[in-house]
> 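Supplied in structure tokens, the structure appears directly below.
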Protein chains: 2
Amino acid sequence: MANMNIKDFAESLGISTATVSRAIHGSGRVSAATRERVLKSMDELGFTPNLHAQQLVRGRSGMVGLAFPEQGKVLADLFFAALAHAMQQELQDNNLGLMLNLMEREESQENLLKQWACSQAVDALVLVTGTPSASLLARLPQVPTVVIGHAACHQFPHVACVVLDLEQGIRSVARLFVEHGHSSIGYIGNTDDSALAVFRTSLADAGITLKACNVAASGSHPSEGSMAAMRLLQQANRPTAIFARTDMIAMGIFHAASALNLAIPGDLSVAGHDDIDLASWTAPPLSTVQINYKSIASHTVALIKRLLSDHHQLEPVHISTSLVVRETIGSSSTAA
Amino acid sequence: MANMNIKDFAESLGISTATVSRAIHGSGRVSAATRERVLKSMDELGFTPNLHAQQLVRGRSGMVGLAFPEQGKVLADLFFAALAHAMQQELQDNNLGLMLNLMEREESQENLLKQWACSQAVDALVLVTGTPSASLLARLPQVPTVVIGHAACHQFPHVACVVLDLEQGIRSVARLFVEHGHSSIGYIGNTDDSALAVFRTSLADAGITLKACNVAASGSHPSEGSMAAMRLLQQANRPTAIFARTDMIAMGIFHAASALNLAIPGDLSVAGHDDIDLASWTAPPLSTVQINYKSIASHTVALIKRLLSDHHQLEPVHISTSLVVRETIGSSSTAA
DNA sequence: CTGAAAGCGCTTACAG
DNA sequence: CTGAAAGCGCTTACAG
């Protein structure tokens with residue numbers, strides 16, 4: 001019952017290991033009869049090639065490492081979960097495997113990444129990070145890497161980019177807020193993020209100024225979102241509509257609004273970003289910017305494959321977003 | 001700059017590969033001076049042992065595969081995220097690695113599990129599943145396996161169990177509902193789950209009957225929770241308190257309550273289970289049963305290690321739960 | 001179409 | 001304390 005190796009397996013069929021190998025992989029000429037016999041016997045005798053031997057001889061692991069640098073509790077945000085899901089599906093379809101890096105401390109996460117790359121546990125890395133940090137890339141081993149972020153990065157020949165174009169979705173949020181008569185509008189989220197700039201510009205185009213006192217920095221954990229919302233909403237001239245950089249932050253805003261007895265969308269309009277699974281099921285359902293996770297994953301894997309076959313200087317791929325309107329945006333008249 | 005192998009590395013130090021290997025792993029006698037020189041040179045020359053060669057020669061991958069069978073979108077529930085997190089931390093501390101199975105279709109998930117085990121990509125499996133399904137275990141290769149569930153399973157010598165004792169936490173929920181004067185009480189969740197039986201018994205002990213019409217079957221996605229809640233809450237004699245089998249279901253109840261204009265906890269009390277990250281940040285914050293994820297992870301890894309060193313027939317480890325009271329449970333008088 | 005043999009990069013008895 | 005050599009289980013030129 002113990003695991004059988006290719007030698008024993010070949011012997012019991014009375015053929016060579018070379019033929020077994022070729023039959024399994026369909027490479028090189030093998031007679032149809034032999035191939036069939038091998039394939040059938042694999043099930044019967046219970047032979048599966050040892051992965052590590054294959055990886056060693058091929059000089060490839062067939063694995064790609066996925067990480068979300070500069071994030072604390074990675075999976076606490078369903079955004080990451082959605083992306084991880086999409087990535088594993090796509091990788092599997094391409095005969096590749098996923099190694100997910102869930103380390104919490106930034107340092108542990110980075111160490112694991114290095115360990116993976118240096119020991120050749122993975123062939124490539126995928127980094128999901130708002131603004132691709134050149135210094136992180138410089139610290140990491142120069143393995144094929146694709147960065148999923150909001151801007152392209154051109155410094156390194158071994159890295160390709162998938163650029164999540166925030167513009168379209170966020171513009172729609174700004175437009176919709178303004179169309180509903182809001183003029184005191186807020187933003188909660190990472191303030192270094194390009195999303196803030198896009199939001200501010202979109203508002204300006206519609207004649208509205210995003211005031212500094214209505215911008216609150218926050219990580220993407222609901223607790224931080226809630227605290228930031230408290231600050232914004234307790235001002236004399238509080239915003240009547242807030243754009244949350246992530247849906248998780250929006251959850252925090254719901255919490256704060258409830259504590260302050262503000263109804264959504266009656267007293268306060270809210271829009272989120274990411275369209276996580278939960279967004280359709282908040283009370284009321286959250287209007288948010290949708291991301292096509294599948295599309296990101298498939299482009300990412302395509303880039304990895306090209307990077308692995310020695311292509312360099314790949315053009316960034318752009319993915320755009322769009323707003324899904326649900327029930328958290330109301331008119332300002334009610335609020336005022 | 002290319003990856004250097006142990007032979008070249010040893011040569012450039014003028015020593016043998018055997019000595020390098022021993023210096024790195026601290027096994028066998030090596031002079032302190034040599035060891036130090038090797039360790040220092042690893043950084044300088046950039047040598048890291050090839051993982052696949054190590055795995056091949058050791059006959060161990062050092063990896064454990066984690067899966068959540070009988071679940072659809074695994075990470076859509078933060079419960080799984082929390083557990084996956086805790087597992088990777090714990091494995092890392094024990095020089096082991098994590099392979100996370102995120103396949104959606106049950107069949108794909110099972111296939112990946114088999115592939116991992118048969119190809120020796122993983123040394124052991126961890127299955128998180130309510131009621132350990134003997135048939136699944138029978139279908140899977142007989143590698144060391146630990147099942148995290150609600151009941152022990154004794155059928156197989158290669159599987160050990162971590163039993164999540166639902167009793168304590170759920171009893172507290174029942175007691176608290178009753179203490180608040182509720183008598184029409186509901187349950188939403190998996191109806192095959194032992195949680196339902198525990199809840200029913202606890203209620204009975206307090207003199208309350210859990211009526212069949214107040215029990216609604218539901219998966220742990222908020223959408224299902226919401227639909228189930230709609231059914232329960234639109235009855236003539238609707239429940240005034242509902243226990244949700246998972247926090248995600250509780251999210252769905254929030255959604256339904258909002259649609260029906262029922263205030264929580266004014267008109268409806270709710271308790272969840274799992275204490276996911278988000279539970280403290282719902283509006284209002286959710287009372288829910290807390291699980292010690294770290295403890296589960298550390299016991300699981302301990303069991304794996306024993307299983308790997310050829311121990312069999314290990315006693316199940318029990319982990320108990322407790323209720324965290326937040327703001328979703330009110331008295332029935334208000335509701336009535 | 002098939003087989004014998006070399007080699008992937010390590011570790012670990014076995015000698016010394 | 002250290003080295004030469006065998007071997008882990010595959011794949012892939014190289015012959016035939």
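In what follows, every heavy atom counts, from backbone to side chain, and hydrogens, waters and symmetry copies are set aside. Per chain, numbering begins at 1; letters A, B, ... match sequence-line order. None of the values given here were measured: they were computed from a predicted structure.
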> Check this for me: A:Lys305, atom NZ, are more than 12 non-hydrogen atoms of other residues, nucleotides or ligands nearer than 6.0 Å?
no

> State whether A:Glu110 and A:Arg139 are salt-bridged, where the test is any N-O pair (Lys NZ or Arg NE/NH1/NH2 against Asp/Glu carboxylate O) under 4.0 Å.
yes

> Touch check for B:Val30, heavy atoms < 4.0 angstrom, all strands: base, sugar-phosphate only, or nothing?
sugar-phosphate

> For B:Lys7, look at atom NZ and say whether over 12 heavy atoms of other residues, nucleotides or ligands are found less than 6.0 Å away.
no

> Heavy atoms under 4.0 Å, any strand shown: does B:His52 hit a base, just sugar-phosphate, or nothing?
nothing

> Consider side-chain contact (heavy atoms from CB on, under 4.5 Å). Of A:Leu83, A:Asp274, A:Ile276, which one does A:Ile291 pass it with?
A:Asp274

> Can you give me the dot-bracket string for DNA chain D, 5' to 3', counting Watson-Crick and G-U wobble pairs with both distances under 3.5 Å, using [ ] for crossing pairs and | for partners on another strand?
|||.||||||||.|||

> What residues, two or more places apart in sequence or in another chain, satisfy ring pair (Phe, Tyr, Trp, His ring centres under 6.0 Å) together with A:His158?
A:Phe156

> DNA chain D: B:Thr34 or B:Ala53, which has the more 5' nearest nucleotide?
B:Thr34

> Against A:Leu140, only a single residue in A:Leu127, A:Thr145, A:Val159 fulfils side-chain contact (heavy atoms from CB on, under 4.5 Å); can you say which?
A:Leu127

> Looking just at side-chain N and O atoms, do A:His150 and A:Asp165 make a donor-acceptor pair shorter than 3.5 Å?
no

> Near DNA chain D, under 4.0 Å by heavy atom, which residues of residues 36-44 of chain B?
none

> Where along residues 111-119 of chain A does a heavy atom come under 4.0 Å from DNA chain D, residue by residue in number order?
none

> How would you give the extent of chain A contacts on DNA chain C, as first and last nucleotide 5' to 3' within a 4.0 Å heavy-atom cut-off?
C:dC1 to C:dG9

> Check the pair A:Phe9, A:Leu13 against side chain to side chain contact (heavy atoms under 4.5 Å, CB included), reporting the backbone distance first and the verdict last.
CA-CA 7 Å; A:Phe9 179 65; A:Leu13 292 191; 3.9 Å; yes

> Please classify the nucleic acid contact of B:Phe47 as base, sugar-phosphate, or nothing, using heavy-atom distances under 4.0 Å.
sugar-phosphate

> Taking only heavy atoms on the protein side, list every residue of residues 16-24 of chain A lying under 4.0 Å from any atom of DNA chain C, sorted numerically.
A:Ser16, A:Ala18, A:Thr19, A:Arg22

> Checking B:Leu45 against B:Met4 for the side chain to side chain contact (heavy atoms under 4.5 Å, CB included) test, could you report, in this order, the C-alpha distance in whole Å, the side-chain angles of both residues, the deciding distance, and whether it holds?
CA-CA 8 Å; B:Leu45 302 182; B:Met4 163 176 257; 4.1 Å; yes

